[in-house]
Amino acid sequence: MDPLYVARPVLPDLADLNTLLEEVWATRIVTNEAAMHNRLEAELSALLSVPVAKLFSSGTSALQCAMLALDLPKGSEVITTPLTFPATAHAITACGLTPVFADIDPDTLTLDPQAVEAAISPRTAAVLGVHVYGTICDVDALQALCDTHGLRLLFDAAHAFYSHKGGQSIAAMGDVSAFSLHATKLFNTVEGGLVTTRDTALAKRLGLARNFGIESEEIVSCVGINGKMSELHAAVGLLNLHTAPAERAARKALRACYDKIILAHDGLRTQVIQEHVVQSEQYYLLRVDPEEFGASRDDLYERLKQRKIFARKYFWPICTDYECYRGLPIHSRAQMPVAERIKTTLLCLPFHSGATPDHVEAMAETIAELAKGSKRLRMEA
Ligand SMILES: *Cc1c(COP(=O)(O)O)cnc(C)c1O
């Protein structure tokens with residue numbers, strides 16, 4: 001049995017890629033918002049049913065440019081979740097803004113609107129929610145809160161490319177959404193990012209933010225970075241729009257297999273199924289209750305690793321554990337924040353079409369062994 005890693009990139013057919021690259025080579029225009037790039041933007045705008053879809057060099061530059069484009073006052077605060085990838089909090093900091101952490105809902109693991117409310121100060125300028133593991137934030141409650149307090153609402157939708165809710169596109173929520181198109185993401189351009197918004201007035205500012213603030217040959221009108229996507233990456237994206245759906249279908253089937261295995265054991269569960277939400281199929285999250293299951297997340301992680309099945313403790317550590325944010329409070333309704341309580345229980349299982357029936361069987365055996373051990377211990381006690 002081959003080793004199984006947590007993620008495996010979806011790649012286009014190499015001959016197809018070559019055909020597109022020959023077009024690029026013929027023009028010698030390899031970046032700076034050229035033909036492939038513009039085609040991909042048009043296709044993404046249509047696919048995600050959103051008027052503005054701007055490409056970036058990464059999910060991180062997409063997040064940064066989204067905040068630059070909103071022109072949030074220097075030094076103001078952005079409320080976000082500690083249960084996310086480092087990029088979310090770092091993008092806030094890199095824009096000269098201050099991340100403020102609010103607790104999560106114990107079921108959806110996304111921002112708890114009441115905790116967000118408790119974190120609002122006179123310096124708050126925006127809320128940045130993360131649709132973790134493809135589960136969708138409580139968008140309506142967050143929007144109501146932001147409307148009441150005059151705040152901008154952003155989403156890190158890196159896990160949610162193919163998610164949608166009750167017919168509403170994930171890309172059209174709040175003021176602006178940022179996606180990562182990194183190789184580990186289901187729809188990927190190897191490295192890349194995307195910002196979407198319903199606000200067509202923001203399109204120009206997003207374009208300036210990703211291109212050094214250059215307005216014209218002789219005018220630089222605002223602060224910007226180099227956040228541009230190259231033609232090579234855009235070509236991969238154009239082809240992956242056609243390769244990703246089959247991978248997504250394979251993952252849906254794998255999710256059903258995993259669900260069956262874990263539902264057979266006390267103390268194991270996966271992400272909540274939200275009403276009217278269609279899953280992106282980006283991650284499979286396993287939540288381990290060590291008391292009920294009888295073994296910890298770390299025990300399971302190590303046992304799987306011994307069989308060369310590499311799951312990932314994700315997200316672990318959480319943002320407030322990093323040296324740069326350590327000591328910052330997590331605003332919460334609870335004495336012990338939910339994020340603190342559950343961070344040691346989360347494990348993302350390998351989730352892609354490279355998982356064979358043998359791999360799945362090995363995972364089922366490992367889980368059953370640990371669970372059996374726990375039952376024996378409990379009976380002896
Ligand atoms: C992947 C990811 C990012 C970062 O995207 P890059 O493309 O790697 O810069 C940001 N936020 C979340 C939640 C992610 O999973």
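We use all heavy atoms of the structure for the numbers below, so side chains are in, but hydrogens, waters and symmetry mates are not. Indexing begins at 1, ligand by ligand and atom by atom, following the structure's order. Nothing here was measured: the structure is a model prediction, and the numbers come from that model.
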Out of A183, A178, G193, A158, whose heavy atom is nearest to atom 12 (C) of ligand 1? A158
Can K313 be said to sit on top of Y301's aromatic six-ring, NZ or CZ under 6.0 Å from centre and within 45° of the ring axis? yes
Run the numbers for me: atoms of ligand 1, each under 4.0 Å from some heavy atom of T84, listed by number. 13 (C)
What do you reckon, does Y283 have a nitrogen or oxygen under 3.5 Å from a nitrogen or oxygen of ligand 1? no
N/O of S180 under 3.5 Å from N/O of ligand 1, yes or no? yes
Measure the shortest side-chain to side-chain distance between L40 and H37 over non-hydrogen atoms and say whether it is less than 4.5 angstrom. no
Can you find a heavy atom in the side chain of T344 that is under 4.5 Å from one in the side chain of D298? no
May I ask you to test the C95-M67 pair for a side-chain heavy-atom distance under 4.5 Å? yes
List ligand 1 atoms under 4.0 Å from G192, heavy atoms only on the residue side. 7 (O)
Worked verdict on F101 versus Y325 for ring-ring contact (aromatic ring centres under 6.0 Å, His included): CA-CA 10 Å; F101 296 102; Y325 305 125; 5.8 Å; yes
Residue and atom name of the nearest protein heavy atom (relative to atom 11 (N) of ligand 1), distance in Å to one decimal: D156 OD2, 2.7 Å
Any pair with a residue in residues 210-226 that passes salt bridge (Lys or Arg N to Asp or Glu O under 4.0 Å), sequence neighbours left out, goes on the list, sorted by first then second residue, please. E33-R210, E41-R210, K204-E215
Heteroatom proximity flag, G59 to ligand 1, N/O under 3.5 Å: yes
Number the atoms of ligand 1 from 1 as they appear, then name those within less than 4.0 Å of a heavy atom of K185, with their elements. 1 (C), 2 (C), 14 (C), 15 (O)
Near Y314 (heavy-atom distance under 4.0 Å), the atoms of ligand 1 are 15 (O)
Please list the nearest protein heavy atom to atom 15 (O) of ligand 1 with its residue and the distance rounded to 0.1 Å. H159 NE2, 2.9 Å
Heavy-atom nearest neighbour in the protein, as seen from atom 3 (C) of ligand 1, with distance rounded to 0.1 Å: F85 CD2, 3.6 Å
Side-chain contact, heavy-atom cut-off 4.5 Å: F187 with N240? yes
Should you measure from each heavy atom of T60, which atoms of ligand 1 turn up under 4.0 Å away? 4 (C), 5 (O), 6 (P), 9 (O)
Subset of ligand 1 atoms that lie under 4.0 Å from at least one heavy atom of A87: 4 (C), 10 (C)
I would like to know whether Y283 and H159 meet ring-ring contact (aromatic ring centres under 6.0 Å, His included); could you show each step before the answer? CA-CA 8 Å; Y283 289 110; H159 295 186; 4.7 Å; yes
Would you compute the distance between atom NE2 of H149 and atom CD1 of I120 and round it to the nearest 0.5 angstrom? 4.0 Å
